[in-house]
Every structure is written in structure tokens, then in C-alpha cells.
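Lettering follows sequence order; numbering is per chain, from 1.
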Amino acid sequence: MNFVKRREFTLFILIIIQILLITFRAPRFFSLSNFKDILDDTAILFMVAIAQMLVILTAGIDLSVASGIAFSGMSVALLNQYHPEVPVFIILLLSIAIGFMLGSFNGLLVAYGNIPPIITTLGTMSIYRGLVFVLSKGTWVSAHEMTDSFRYFPRINIFGISLILIISLMVIIIFYIFLYYTRTGREIYGVGGNITAAQYVGINLKKIKYLVFALCGMICGLSGFLWVARYASAQSDSAIGFELQTVAACVIGGASIAGGKCSGCNSGSSFFRYYKKCSSSYQGFSILADVYSGFYYYCSHHY
Amino acid sequence: MIDKNKRLKKLNINISELLIRWETMLLIIFILITIINSRLSPYFFNYVNIMNTTFNFTEKAIIALPMIFVIVCGDIDISVASIIALCSVFMGLASAFGVQTWGLIVIGCLAGIIAGFLNGIIITRLNVPAIAVTIGSMSLFRGIAYVILGDKAFTRYPSSFAFLGQGYLANTRIPFQLLLFTILAIIFALILHNTTLGRKLYAIGNNPTAARFSGIPVRNIRLLNFTLTGFCAGIASILLTSRIGSTRPNIADGWELEIITTVVLGGVAITGGKGNILGVIISIFLLGFLRFGMGLVNVPGKVMNIVSGFLLIIAILLPEFIRNIRERILLGKERIRGGYKDETSSI
């Protein structure tokens, strides 16, 4: 019966109930292609929620994820616009490197500058967002200014599954193994669970704090490229407000904001996206999505 | 000779302690900004200009005051901007039904109080972390505003309503908003620094468990803080709605982070238990004048955000840095290495 008590199980049941309700209202909802679309839409949230989860595990929070996504997305989009000859693979690596730099900056300030994570990322959130504007001088990069290989990268089909989903699944698997089966992964849980005990046990707190932010930044960098390529436009306010979605996904999925507890992040984010999609298929009721989100947020927290 | 050395050392400590004090640092930065601004633009030192620029930040400043209480208690409220939107929408609805200015003021304040009370009840009675609850109510309140308004806007307000956000005191160039802010700031300063309630706030922020065992009604005081924040957000909403004369669901978008930035820059520790009103007031004017000055020399708003972001980080790094250096000088090699240092500061 332990299985039933788990939060993931409840979320799963809730998702199924929602799917049934929506299907009842709009039978077209229940089709393979629609589900695939929803998953493709959620792929980026999957990844970034995992990254956010890493930070939340150490009792921190990263509010700069959305700005990081916008910055790395805009940089690679501009590179693609002015140097179309650069291969997509290089761009992919470059976006990860840019994200790593942004994340490292956060990590250095938090770990070695002793600034609380919420303050650091509040500051870097507006810094990175401003840098996007400086970089692009306020202009957009739109679809016709990107090369085809850039734009179609997330949509490449491998056995009927789009590449963006495969990348996101790979990230999830890698982080699953990292968190559950490596020493460093367990240390991250240790730091969140009881920071004083972790220090006495000999865990290098500074290293762990730096590491989670750097990893989070790398994922954000990667997502930035995928975001811009998928939506085929890079703007200075792309992904605005996304940071709170990732935090919400983590909390719905069961991450304790005080650190040290989290496993159901994925079901959380898929749940989150499902209901958004669901409510948008009620025509005219998509606006209710936000209210709905706040409401579920309370419920899931009390469960 | 020894005596003189001792005295010198003491003097040294006093000076560096004064330098480390947050308010001194802020004041120095503030003066620097003013000097640079007035060198850059001849229009900076102009009574009318300076008075008019306060319109841009008094609304945020009014919310920053109760936010000090909330953060001193170790909580946080990120739903304030959404409360503004909610109050504004309710006032717009009432105005559409022909309610006059006084009625609008009451409705705005009431809506704010109820929204803040709701936050407070969930946080204190159900024991959910404040950051989790207010992230939720942020989208809840904003969502209600979107549901009611959709893509429309309320623009019809009674003409006497405009005075609140746009009016000046008779025969002067002092905005009514600024006067209101000054009165509120004095009240909040008196409560925080001269009453037992104020001392209790610090006690809660430093150690909620100890505070509770000393007989402080921790939950009720925290509830009061959130209600107060809602109330002030209501007032800010009245002023903002009156100033721009219309209500859209995306009104005051992103203000929550600006307000928290102001409070933290003012020296209030995000972990609770530390901070004072003076620092926050200096930081309000510092950020406001910085934006005003940059606006005069045509710096785009997004670039201003970079500057205030860096300011926030530097303002927190610098005292830590100075303290480190001072420790090294004073203690030399005797500094205890590897001793237990509290690194348990969380969000």
C-alpha cells in the first residue's frame, strides 16, 4: 500500500482524471498525436524543472533560469543569423557553455560570496535579462533569419519521437542516475537534509552549492537553444515568468522548499503542463488556467 | 605608548564599524549617484523634476514598508503585485457600477486586506512556507484579474479619483503620494523601533521557536504582517490606478521583485531578524534617483535593470568583503581556521 501513499501516484491519478474529463468534453483530445504534442511542449519544462530541483534540494532557489534561457537562446540565435555556416552541433555545445558560465556566476556568488540564493538569483535575473536586451539591441531574431537546420533541430524525428523529447528524456535519465547512484548526488541530498550534519560528515558545502548552480545553468543554456529553435523566434522577453513555473512544478511534484526532499518532480511538471493544455482545449476558458494553477498549488501542497 | 596604541586600535575599529554599517554605505552610494547624475545632466537638480520623479517609486515604496515587517519575521510575500492587480480590477468593476471616489478607496483597501489575510491564514494556520503560498496566490490573484477583465480595460473613473495619484498639495509641487508615503513611513518606523510589537518582530525573525516559548503570539503577528502587506498593496493599487487612470490585468507586472530588491538593498536580512526602516528609505530613494538620472541620459529601462541587479549583489558582497579583510588584519594569523561557521542560511 506504500505505493498508493506516494505523491507521484496521486498526481498520476489526477492527470488521468483530467484527461478523462477533457476527453469527455472534447473527444478529439484523446489521440496519440495530441499527447505527443503535449509532451513536446512540456519537454523544456521537464528539463528545467529537474535543474531547478537540484537547486531546491540544497534549500536554495534559482530565479534566474528564465533569464538564462533567454540569454543563451538569444546568443545562439544571433550567432546563427550572422554566421549561418556554424554547424548546429557546435551551437548546441556553445549554448551549454554559455549556460554553464551564467550558472557558475550564480554559483560563485552563492558559494563563495555567501549571498543567499534568492538574493543572488533575484539580482542575476535582472542582469541576464538586461544583457539579452543589450546583446540584441532590442530587436528580434525571427524564423526567416534562422537557418533550416537550426529551426528544425528539435523537430528531427527519430522513430517517431522528436529530438527535443529525446534530449529531455536523456537529461532526466542522466540526472536520475547522478542523483541516486553517485556519491555527489547523495551529497546534494545530504546538504539539503541537514546542512550542519552534512558539514560535520565532511561534505564540501561550497563545492556542492557551486555545483548545483553550475549544472542548473548548463541545463538552462541547453534549453535556451531548444526554446529558440522550437518557437523559431528569439526575443528579449522570451520565457518571461518561466522561473516560477519551474518552481511550481517542483513544489507540486513534492520538492520541499526547505530542501532535502524531492522525487516526483517529473510528474509534477507533466501534471502542470497537462492541465494548461487541458484548460486551453475548453474554448474560451484558457484564461482560467492561472486560477486553476494557483488552486492546484494549494491543494497539492496540503495533500 | 601602549595606551595610545590601544586607543588607535579602538578608533580604527569604530571607523571601520561605521563603514560597515549598511546605512552609511547606502548613503555614500546615494551621494555618489547624485553627484554623477548632476554632472551628467543639467536637468537633474531641479526641484520640480525631483518632485515629479517621486511619482515613479512612491507606490512601490509604500509596499516596501510592510514588506520590511514580513522579511524581518523571516517570511516573504511575492504576491504583492498580483494583489495590486486584483484591487485595481475590483475598483474598476465598482466604478463601472457608479461607485464614487470614497467608495473606491474603501473597496481597494478592503480587497487588499482580504487578499493579504488569505495569504496569512494559509501560511500561519496550515503551516505552509510563505514562499510556496505566495507563489501560488501570485498566479491565483493575477488569474482572477485576467478572468474578470480578459483583454479589456477599465478606463472610466470619477474625475475626483485622479487627485489621489496625480494631485499636488495646495500651492506646492509636493505630490500627495509623497506626503502619504512620508506619513506611513513615520508610522511604520515608530511601530518597528519604538513599540514592543516591533521588538517582537525581531525576536520572531531571530528564532521563531524561542519567541513562541517566550509567550509571543507568533502566528497572529505573522498573520498581521501579511494582512498589513495586503492593505498597503491596496493603497498602492489605489494610487497607481488613479495615476495611470486605467486598469489592465497586467498592471504592476514584475513589481514584486523590485520591491523585494529595494528592501534587501536597504539592509534587511532575507533570513530575518535584521534591518531597519532608515536603510530601506535610503535605498528607495537611491534606486529611484538612479533610475531618474539614467532616464535623463537616455539609458533604456532594461539596462537600468542590469545596474540595479549589480547594485543588489555588490551591496551585499561589499560588507562581507570588508569584514573579511578587517578580520584578517585584526586577528592576523591567529584566525581560527576550519572552525564551525554557520553556513545554514537558506532561502
Gap separating the [atom1] atom of [X] from the [atom2] atom of [Y], nearest 0.5 angstrom:
X: B/Ile76; Y: A/Ile118; atom1: CD1; atom2: CD1; result: 4.0 Å
X: A/Ile127; Y: B/Lys302; atom1: CD1; atom2: NZ; result: 15.0 Å
X: A/Ser126; Y: B/Ile313; atom1: OG; atom2: CD1; result: 8.0 Å
X: A/Ile119; Y: B/Leu265; atom1: CD1; atom2: CG; result: 9.5 Å
X: B/Asn305; Y: A/Met125; atom1: CG; atom2: CE; result: 9.0 Å
X: A/Thr120; Y: B/Leu317; atom1: OG1; atom2: CG; result: 8.0 Å

Can you list the residues that meet the side chain to side chain contact (heavy atoms under 4.5 Å, CB included) rule with B/Ser79, with sequence neighbours excluded?
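B/Ser79: side chain to side chain contact (heavy atoms under 4.5 Å, CB included) contacts with B/Asp77, B/Ile83, B/Asn119, B/Thr134, B/Ser137, B/Met138, B/Phe141.
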If I measure from the heavy atoms of chain B, does A/Leu109 come under 4.5 Å with its side chain, its backbone, both, or neither?
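Side chain only.
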In this structure, are over 12 heavy atoms from other groups packed under 6.0 Å from B/Arg212 atom CZ?
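Result for CZ/B/Arg212: open.
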Is it the case that atom CZ in B/Phe117 sees more than 12 heavy atoms from other parts of the structure closer than 6.0 Å?
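Counting neighbours around CZ of B/Phe117, 12 or fewer heavy atoms of other residues, nucleotides or ligands fall under 6.0 Å, so no.
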Report the residues that fulfil salt bridge (Lys or Arg N to Asp or Glu O under 4.0 Å) with B/Arg291, sequence neighbours left out, ordered by chain and then residue number.
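In terms of salt bridge (Lys or Arg N to Asp or Glu O under 4.0 Å), with neighbours along the sequence ignored, B/Arg291 is linked to no residue.
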